Amino acid sequence: MGKWTQTVTAKVLGVGVLALLMTIPLMQVRELVGERQQLREGAIAQIAQGWGGAQVLGGPVLVVPTVRQVPVAENQPPQWRTGSESMLADALKLDVAMAVETRSYGIYAAPVFVATVKLDGQFRAQDLAQFRRASSASWQGDKAELRLPIGDLRGLQEVSELRINGQPARFESSAERLGPWPNVVVPIDLDALGGQPIDVQITLKLAGTEALQLLPLARSTDVTMRAPWNDPSFVGAALPLEHKIDAQGFSAHWHLLDLNRSYGQHWNDGDHEMDKALQASTFGVQLYQPVDVYQRNVRAGKYGLLFIAMTFVAFFLFEVLKRLRVHPVQYLLVGAALATFYVVLLALSEQIGFGPAYALAATAVAVLVGGYAMAVLRARRAGLLLGGVLGLIYAMLYGLIAAEQYALLIGALVLLAMVGLMMYLTRRIDWYAYVPTSSEPTEPPAAIMDKS
């Protein structure tokens, strides 16, 4: 048993155990990345608190109060229940022009915008008449409202125009909500309109942070959006029919029909399924930040154990093939330096960006480990070679991080190549050979290498 612990096989198993032990600091680094990401989200929430959060904007919804008679027992006086019914426009057109800037809170930053929205909506007279005939309750048309849902009312900066059938009107605040979103409302007298169609024109400025989504609250919804941001992420239930992205920004066009959503043109209050259906129908754009340092730090950390193991293998090959001695504590020190890379990368990337931070952290660790290898292995050439190998490993890791769509393919090919290289370099090792301690006489290399 004592002799077996001195074999090359035992050495390999020991190195493997040491590599597994390094998962502990790697897990701590991953938790640290999560904590920093939460701090960033808190900073974005602080920015949104004074500016407006992720925004949702709909079209005008006609809401009519109703009175319905409730069945009662015989000889009991009649009872009435109040409620409301909602109706959507026939056509809705939105033109959205976004002005974007980046605002900071401490070391964290987030894109914010002010969207100038021109909205035109039309309710057809025949739809109003049919809606009224189909209702099983009595309308109170003189108390109707047009409600405009807005995700975060703190971001409503200005309503420069509001016209109903050409006549100026004014929004009022309201405690009512459309699904999860608050509303601004404008009273409208349907009885005074005498069955006429309703045309609504609105121009407003809406501020928000990171995302603007829209609701298809019409039989036909047409949206045009543009912004000076060249990394948009189109999100939600519908992608644009056409879009253009260049160095100056993006433009996009959506066209949706009522057939594309899971709810109809009108409904009664108290329909709880409508909340889910409305939330599922939102669509729009998120101002994506492709240089999100935390996403890249997380991706780098996922390959941490693999690259620590590869570095340990390089040390092991030097130890066995060059008849050098490396103590387990020295392996642990090298592993600690490799784990520290991720902490340095996270700290620097918050300050100077991911690319420069990666270059500095990788260079520092490669120089540190290479210099340490020179002292431990007592061979300058071996230390330089090991530092160069480590630099190559970090270059491959950066390639994996940068190649978002092809990361798995590149990683699989790199792993296959590394396994093949290790098989080639160790093809002549006698795994049963006895590895002498530093106090014992050194055997000729043939004792380690299988020449047969």
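We count residues from 1, following the sequence as given. All values derive from a computational prediction rather than experimental measurement.
- Contact between Leu62 and Ala144 at its shortest, heavy atoms only, is CD1-CB, 4.2 Å.
- Looking at Trp229, its side chain does come within 3.5 Å of a backbone N or O of Asp231 through a donor-acceptor pair.
- Note that the CG atom of Leu92 and the OG1 atom of Thr221 stand 5.0 Å from one another [nearest 0.5 Å].
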For Phe131 and Phe123, what are the C-alpha separation, side-chain angles and deciding distance, and is it a ring-ring contact (aromatic ring centres under 6.0 Å, His included)? CA-CA 11 Å; Phe131 183 29; Phe123 294 82; 9.8 Å; no

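- Between Ser281 and Phe283 there is no side-chain heavy-atom pair separated by less than 4.5 Å.
- Between Leu345 and Tyr358, some side-chain heavy-atom pair lies under the 4.5 Å cut-off.
- Between Glu161 and Arg163 there is a salt bridge, with a side-chain nitrogen of the basic residue lying less than 4.0 Å from a carboxylate oxygen of the acidic one.
- To the nearest 0.5 angstrom, Leu57 atom CG is 5.5 Å from Leu148 atom CG.
- Pairing each heavy atom of Trp181 with each of Pro149, the nearest pair is CB-CB, 4.4 Å.
- From Phe113, atom CZ reaches atom CG of Leu287 across 6.5 Å, with rounding to the nearest 0.5 Å.
- Within the 4.5 Å cutoff, the side chain of Ile150 has heavy atoms near those of the Gln55 side chain.
- Taking every heavy atom of both residues into account, Ala366 and Gly391 meet most closely at CB-N, 4.4 Å.
- Minimum heavy-atom separation, Ala277 to Ser262: CB-OG, 3.6 Å.
- Here the closest non-hydrogen pair linking Asn297 and Ser349 is ND2-OG, 3.2 Å.
- Note on Lys143 versus Asp189: no salt bridge recorded, every NZ/NE/NH1/NH2 to OD/OE distance being 4.0 Å or above.
- To the nearest 0.5 angstrom, Tyr263 atom OH is 10.0 Å from Asp258 atom CG.
- Atom CD of Gln140 is separated from atom CD of Glu85 by 11.5 Å, given to the nearest 0.5 angstrom.
- A salt bridge does not link Lys93 to Asp199: none of the charged side-chain nitrogens sits closer than 4.0 Å to a carboxylate oxygen.
- When Ile164, Leu119, Val184 are each tested for a side-chain contact (heavy atoms from CB on, under 4.5 Å) with Ile202, only one passes: Leu119.
- Residues Asp127 and His266 bring no donor and acceptor atom of their side chains to less than 3.5 Å of each other.
- With a 6.0 Å cutoff to the six-membered ring centre and a 45° limit on the axis angle, Arg154 does not count as a cation-pi contact of Trp51.
- Contact detail for Thr209 and Gly52: the closest heavy-atom pair is OG1-O, 2.6 Å.
- Note that the CG atom of Leu32 and the CG atom of Leu346 stand 5.0 Å from one another [nearest 0.5 Å].
- Residues Arg219 and Asp90 are paired through a salt bridge, judged by an N-O separation under 4.0 Å between the basic side chain and the carboxylate.
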Dump the intermediate steps for salt bridge (Lys or Arg N to Asp or Glu O under 4.0 Å) on Asp191 and Arg132, then the final yes or no. CA-CA 12 Å; Asp191 296 338; Arg132 189 163 195 167; 3.5 Å; yes

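- Side-chain atoms of Trp267 do not come within 3.5 Å of backbone N or O of Ser86 as any donor-acceptor pair.
- Side chains of Tyr394 and Leu338 form a contact here, defined as non-hydrogen atoms less than 4.5 Å apart.
- Remark: Glu242 does not engage Lys244 in a salt bridge, criterion side-chain N to carboxylate O under 4.0 Å.
- Annotation: Gln196, atom CD; neighbour count of heavy atoms from other residues, nucleotides and ligands within 6.0 Å is above 12.
- Residue Met98 forms a side-chain contact (heavy atoms from CB on, under 4.5 Å) with just one option from Thr116, Val114, Leu212, and that option is Leu212.
- Glu145 places none of its side-chain heavy atoms less than 4.5 Å from the side chain of Val64.
- Ring pair Phe250/His243: centre-to-centre distance not below 6.0 Å.
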